[in-house]
Amino acid sequence: MIPTKITPTVLAGGSGSRLWPLSNEATPKQFLRLTSDWSMLQQTLMRFDDTARFKAPMVVCSEKYRELVIEQSAEISCSLSDLLLEPMKRDSAAAIAAAALRAATLDADALLLICPSDHLIHDTSRFTKSVDDAAALAARGYIVTFGVAPTHPETGYGYIRCGAKLEASDGLLVDQFVEKPDAPTACGYLASGRHLWNSGMFMARADVLVEELSKLAPDLLAAIRSAINEGEPADDATPGLKLGSDAFKTAPSISFDYAVMEKSKRTAVVRAHFDWCDLGSWDALADVMAPDTAGNICQGAVATVDVQGSYCRSAGPEVAVIGLENVVVIATESGVLVASKNACQDVKKAVAALSRPKGATELEAEHAGRVNVQ
């Protein structure tokens with residue numbers, strides 16, 4: 001039995017650049033209907049319809065996605081408890097700090113389940129069982145992450161090295177967070193049996209999050225606290241807050257893993273007993289779809305000749321793909337991507353290159369604020 005109702009906290013501010021050109025700054029992947037008739041955000045919100053277990057969700061996103069969030073939540077009759085609007089991107093630590101501070105003003109012991117808005121999970125019953133396991137540990141003062149048993153030596157995910165089992169629970173202490181590995185290292189992680197994929201989902205009490213942020217990222221917490229104090233109410237019936245831009249822009253741009261999880265002594269992990277996929281790249285999306293007899297997935301106005309093991313999708317122009325194997329071909333009115341499946345993690349490099357002014361170096365563009373890739 002969970003100790004208290006859980007507040008789902010959905011992070012919906014990412015740009016999803018590795019799914020370019022379909023995902024872009026105007027409509028990033030969390031708002032796209034990639035695998036069903038519902039967007040990734042809607043599928044995430046629908047996991048929390050058990051009102052005996054969950055409170056109404058809180059969403060943190062960019063100001064420019066406010067209307068999309070309101071429209072898509074209304075489409076599935078999901079009432080939001082709060083909508084925190086970021087004036088600019090500052091990565092997940094700032095978003096989680098804002099959610100924790102906001103929740104703590106109402107209830108310091110509030111249990112937050114922090115979820116990205118772009119994960120694919122089909123088995124809701126197993127998901128809620130793992131959530132209950134995490135809630136029991138979070139109530140004891142741990143910041144809990146969900147670790148996914150690796151099925152192959154994935155180089156696109158971070159990993160968690162598991163430590164000792166926690167007494168009277170199904171959880172484990174976190175021994176170490178490790179970054180995205182190269183292929184030989186990933187093979188070693190898979191063989192060790194001690195490593196889990198880092199899902200990027202967390203659960204903790206609001207007061208614990210604030211305490212750890214105050215110790216490990218005090219400058220960031222102070223900036224976000226000021227941004228909340230300087231914030232303005234949203235201009236509609238949805239409860240919400242536009243965070244103050246002058247304070248928010250002073251917050252360091254850093255992930256929650258870097259800012260807190262890799263340094264905290266209060267971290268634990270529960271094994272995710274549910275199906276899970278981070279749809280962060282085109283090859284990952286292809287892996288969750290049913291191929292034809294040639295191993296191809298074709299969507300839209302696409303014709304293939306002598307093509308095998310490929311994902312070809314058009315959201316507009318007619319596309320012909322001939323004599324290729326294990327490629328991704330994506331066409332929209334605004335751009336075209338052709339890549340080896342093995343290179344899909346590098347799409348963000350191409351997006352960065354396209355964003356640079358002609359003749360500018362990557363470093364110059366970054367300082368000019370032209371390269372903004374997650």
Side-chain angles (χ1 to χ4, degrees), residues 7-17 23-31 39-41 44-45 57-74 80-106 112 114-118 200 206 209-210 213-214 217-260 348 351-352 355 365-374:
T7 301
T9 304
V10 179
L11 309 183
S15 60
S17 60
S23 173
N24 52 53
E25 281 287 338
T27 312
K29 65 177 176 177
Q30 60 268 30
F31 303 110
S39 73
M40 300 309 300
L41 172 66
T44 302
L45 294 173
M58 172 192 303
V59 174
V60 186
C61 70
S62 167
E63 284 184 17
K64 61 187 172 185
Y65 303 143
R66 170 179 169 272
E67 293 302 323
L68 279 169
V69 170
I70 292 173
E71 288 172 10
Q72 292 199 355
S73 58
L80 303 180
S81 65
D82 213 349
L83 181 57
L84 299 183
L85 303 174
E86 300 174 309
M88 70 243 354
K89 291 180 182 177
R90 280 297 181 268
D91 217 319
S92 58
I96 291 172
L101 285 167
R102 181 82 160 168
T105 61
L106 301 176
L112 303 188
I114 299 159
C115 295
S117 55
D118 54 2
L209 290 169
V210 173
L213 284 160
S214 68
D219 292 346
L220 182 144
L221 185 67
I224 300 304
R225 195 187 299 275
S226 295
I228 289 176
N229 292 337
E230 296 171 7
E232 299 177 359
D235 296 329
D236 59 29
T238 300
L241 185 73
K242 298 178 181 179
L243 298 170
S245 59
D246 288 344
F248 193 83
K249 69 183 178 184
T250 66
S253 183
I254 186 171
S255 73
F256 187 69
D257 277 340
Y258 280 138
V260 174
K348 63 182 180 180
V351 175
S355 300
E366 185 174 354
H367 284 303
R370 302 292 187 95
V371 176
N372 194 353
V373 179
Q374 287 191 346

Student: Nearest 0.5 angstrom please: L84 CG to I224 CD1, how far?
Tutor: 10.0 Å
Student: Would I70 and L83 count as a side-chain contact (heavy atoms from CB on, under 4.5 Å) if you check the C-alpha gap in whole Å, the side-chain angles of each, and the deciding distance to 0.1 Å?
Tutor: CA-CA 9 Å; I70 292 173; L83 181 57; 4.1 Å; yes
Student: Not counting sequence neighbours, which residues clear ring pair (Phe, Tyr, Trp, His ring centres under 6.0 Å) with F256? List them please.
Tutor: F202
Student: Say you draw a straight line from CD1 of I228 to OG1 of T105; how long is it, rounded to the nearest 0.5 Å?
Tutor: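 Those atoms lie 7.5 Å apart.
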Student: I need the single residue from T44, D118, I114 that forms a side chain to side chain contact (heavy atoms under 4.5 Å, CB included) with L11. Which is it?
Tutor: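 Considering T44, D118, I114, a side chain to side chain contact (heavy atoms under 4.5 Å, CB included) with L11 is found only for I114.
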Student: Specify the closest pair of heavy atoms between A100 and L209, including all atoms of both residues, with the distance to one decimal.
Tutor: CB-CB, 3.8 Å
Student: Minimum heavy-atom separation for A12 to Q30, with atom names?
Tutor: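 So the minimum-distance heavy-atom pair works out to O-NE2, 2.9 Å.
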Student: Restricting to non-hydrogen atoms, name the atom on S117 and the atom on V10 that form the minimum distance, rounded to 0.1 Å.
Tutor: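 Reported closest heavy-atom pair: CB-CG1, 3.6 Å.
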Student: Please report the closest heavy-atom contact between V60 and A99, naming both atoms and the distance.
Tutor: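 Closest approach of V60 to A99: CG2-CB, 4.3 Å.
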Student: Atom CZ of R90 and atom OG of S62: how far apart are they, to the nearest 0.5 Å?
Tutor: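 Here the rounded value is 12.0 Å.
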Student: Between E63 and K242, is there a donor-acceptor pair closer than 3.5 Å when you use the side chain of the first and the backbone of the second?
Tutor: no
Student: Counting C-beta onward and ignoring hydrogens, is there a side-chain heavy-atom pair between V210 and R225 closer than 4.5 Å?
Tutor: yes
Student: Sub-3.5 Å donor-acceptor pair from the side chain of D91 to the main-chain atoms of A93, do we have one?
Tutor: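 Absent.
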Student: For side-chain contact (heavy atoms from CB on, under 4.5 Å), just list the numbers for L85 and L243, CA-CA rounded to whole Å, side-chain angles, deciding distance to a tenth of an Å, and then say yes or no.
Tutor: CA-CA 6 Å; L85 303 174; L243 298 170; over 6 Å; no
Student: Output the distance between atom OH (Y65) and atom CD (Q72), rounded to the nearest 0.5 Å.
Tutor: 12.5 Å
Student: Can you name the nearest heavy-atom pair linking E86 to A95, along with the distance?
Tutor: OE2-CB, 3.5 Å
Student: Could I get the full list of side-chain contact (heavy atoms from CB on, under 4.5 Å) partners for E232, not counting sequence neighbours?
Tutor: none
Student: What's the shortest heavy-atom distance between A103 and A206, and which atoms?
Tutor: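 In this case the closest contact between A103 and A206 is CB-CB, 4.2 Å.
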Student: Please determine whether side-chain contact (heavy atoms from CB on, under 4.5 Å) holds for the pair L80 and V69, giving the CA-CA distance in whole Å, both sets of side-chain angles, and the decisive distance to 0.1 Å.
Tutor: CA-CA 10 Å; L80 303 180; V69 170; 3.8 Å; yes
Student: Identify the residue among P8, P57, S39 that makes a side chain to side chain contact (heavy atoms under 4.5 Å, CB included) with L45.
Tutor: P57
Student: When rounded to the nearest 0.5 angstrom, what is the spacing between CG in L221 and CG in L101?
Tutor: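 Those atoms lie 5.0 Å apart.
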Student: Quick one: CG on L68 to NZ on K64, what's the gap to the nearest 0.5 Å?
Tutor: 11.0 Å
Student: Kindly list each side-chain donor-acceptor pair under 3.5 angstrom involving residues 246-254, sequence neighbours excluded, with atom names and distances?
Tutor:
residue	atom	partner	partner atom	Å
T250	OG1	A247	O	2.6

